[in-house]
Amino acid sequence: MSSILSIREVTKSYGPHKALDDISLEIPSNRIFGLLGPNGAGKTTLIRIINQILVPDSGKIYLDGEPLTQKHVAQIGYLPEERGLYKSMKVGEQVLYLAQLKGLSRSEARSRLKYWFDKLDIGDWWGKKVQELSKGMAQKVQFIVTVLHRPKLLIFDEPFSGFDPINAALIKDQILELRDEGASIIFSTHRMESVEELCEYIGLIHRSRLLLEGRLTDIKKAYKQNRFRIEWTPGNGEVALEQLLNGTPVEVSHFDAEEHLWDFTLQVPEGEKQRLLHTLSEKGSISSFRELVPTANEIFIETVQKKDLHG
Amino acid sequence: MGKIGLIIRREYLAKVRNKSFVIMTFLSPILLVGMVVLIAYLTQVNDNEKRQVAVLNQSAFFRDLFIPQRGVSFIRLDGLSLEAAKDSTLSMGLYGLLHLPERRDLVDVTEDAFLYTKDAPSTSVLEEIESIFEDGLRQYRLRELGVSPEQYAAVRSGYEIHTATFSGERSTKGINEFKALVGGAFGYLIMMFIIIYGGFVMRSVIEEKTSRIIEVIISSVKPFQLMLGKIIGTSLAGVTQFLIWIVSASLLMVVALLLLDIDPAILLEQRNMPGGLDAQLGTGALAGDETSRMILQEFLQLPMGLLIGFFLVYFVLGYLIYSSIYAAIGAAVDNETDTQQFIFPIILPLMLAIYVGFFSVFSNPHGPIAVAFSIFPLTSPIVMLMRLPGGIGEGGVPVWQLVASLALLAGTFLGIVWLAAKIYRTGILMYGKKPTYRELFKWLKY
């Protein structure tokens, strides 16, 4: 996996408070990377360092193999969590201005802006002042500002906050489309369901340190505990489930007496899965058999709590 | 266009398109001219009002002296008793009654003369009547001494000593004050500009902070570029406003004065009111004319090119120093109400410069206080400009002082802008806290 951004041993302190402690991280190119962590973990500081808003105390950052310099701002698009626009400036002019600051020519910015206005269905906002827009409308404008200069690397900090479900879905599709067109995306959020949905890679920062990093499916594999959830109906009426399973502890979630349907969860020792399946299908019929993989949310909570307990 | 250029352009347009800015730009000259014209008009009306005073002269003196004056005319009442004269004065609705009783001696007459009025008499009426008596008394005493009025007029001529510098330049009394006034006008302009447009810079920074757009912008440009662009853009808007003010106010003034037929001299004349004896004898007026002619001459001889050149240098450096402090303050706070504790220390040296300028530089443009404050960088833009109309070199500001002042100013400029940029850089990302001086100091180290 090639990486677009390489963060090496970055440390940043504010006086006595260490905001980032020796963070090394590879952001894969052309993928969506979820940057996770509780409030105050240091995510915003890291994002600001990538945007060269802050300077790290030590450590280096490489974009596409080159040490990060001021000329790279044109290749990065940043949607901060604290967002805002000039309230009394007109939408069209404002987007043109911000795009020009990112190095786009005025005419180029203008034609791309038309495209995005059509795409997000906001054709007649050009002459409106931002203070006349609703919050969701302003968010759309801000999204356009972030992507208009076609950056290689996009950083979205809580991109869905302030959107209704319909517009959130619209923005999600845009993000996926941008990835398909070749952009690499850093996605910072607290909403774990959108992490599951979008991120192929994640990194988890807690208390200024990187606790977890890698492909989400690999991490899940590492965190799974061979637990299975099974729905099963015995062949000949009642049966003692535990006896059948040789005393393996079973958590029954539900028993439907009429249908004789058992819904239960159990831990299967390594290598025993085939034998279990065989036994169950011999003595009855399986209507559902699935391995319980931890969710991103569970991994998040478990990792953070473990760190808090053991330091 | 470079990034700073883009920022300057935006800041300029944002400012000049701002409604309250536009209104202020066009309303201020109208208000100013309106006020001046109103004052002139009222002064004129006030002057034109003539009061009529009845005179009951029972003495043998002052017979022909009660001729109409600027603000009073006299009506002679003869052969009435004092009581009857009072009654008729009241019934005729006159301003008052001047009674000169019958006495043998002129001095006794003046001692016992009375002015009766309904209310307390106005000072201008009193002055005019008193000067008539003074005149009469003087003529009487001159006659006693055997001196004719012509002889007296010849003796009593005004005198002003001629002054010159060692290099032979002739100078005029009051010219120091006048020169300092010209320089003071430049200095005052700088102070007003700093306070008005420095405040604009500060508010504009606060606006970016509270609207949260700041983070997007500084992910594209360096905070220093933003700060500099903002300061320059705002000051260009300020220069535009000043030019509009100067041009439109002068035009309006001329038009208004012509339309209302007001003599602008009336405003100046007012200041020389207590003319008294000198004015009447004509000698004082002559000396006054001489002085103003000399001052006009001096004004034309002022090194205007030099003044304007240094004005620009001091203006640019002084303004940049102060407005970057304003920008740093704007970055440090979340809203305007929190700025007070930081603004006072900025205003202080400016006020000090103006006061020192008007009290110390006026009387002694090259005294130790004037020299010190014209070298100290936070006051030099104002104080040095007050000294410069005296010229550079002999008789004026010594070259070393000018060089020291400019060098210190330039050094301070670099230092302050560097410090302010550091505070600015950290401050714009801090939300929700009202910082203390101690915290600002810590930010310098981030």
### Task
Given side chain to side chain donor-acceptor pair (under 3.5 Å), test A:T189 with A:E158 step by step and report yes or no.
CA-CA 5 Å; A:T189 186; A:E158 294 290 358; 3.0 Å; yes
### Query
For A:V145, is it the side chain, the backbone, both or neither that has a heavy atom under 4.5 Å from a heavy atom of chain B?
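The answer is the side chain of A:V145.
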### Region of A:L54 in contact with chain B, defined by heavy-atom distances below 4.5 Å
side chain
### Message
If I measure from the heavy atoms of chain A, does B:I7 come under 4.5 Å with its side chain, its backbone, both, or neither?
### Response
both
### Message
Is B:L429 in contact with chain A via its backbone, its side chain, both, or neither, using a 4.5 Å heavy-atom distance?
### Response
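Both backbone and side chain.
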Tell me, out of [options], who's got the most heavy-atom pairs with chain B below 4.5 Å.
options                     : answer
A:Q70, A:K87, A:E93         : A:Q70
A:Q52, A:R106, A:Q142       : A:R106
A:R48, A:K102, A:R83, A:M89 : A:R48

### Summary
Rounded to the nearest 0.5 Å, the CD1 atom of A:I23 sits from the CD atom of A:E213 at a distance of 10.0 Å
### Task
Is it possible for you to check whether A:R31 lies under 6.0 Å from the centre of the six-membered ring of A:Y201, through NZ or CZ, and within 45° of that ring's axis?
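Geometry flag: not set, cation outside 6.0 Å or 45°.
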### Task
Using the salt bridge (Lys or Arg N to Asp or Glu O under 4.0 Å) rule, collect all pairs that involve residues 195-207 of chain B, keeping only residues at least two apart or in two chains.
B:R203-B:E336
### Query
Between A:F163 and A:F160, does the ring centre distance come in under 6.0 Å?
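No, they do not, as the ring centres are separated by 6.0 Å or more.
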### Query
Can the ring centroids of B:F193 and B:F315 be said to lie less than 6.0 angstrom from one another?
yes
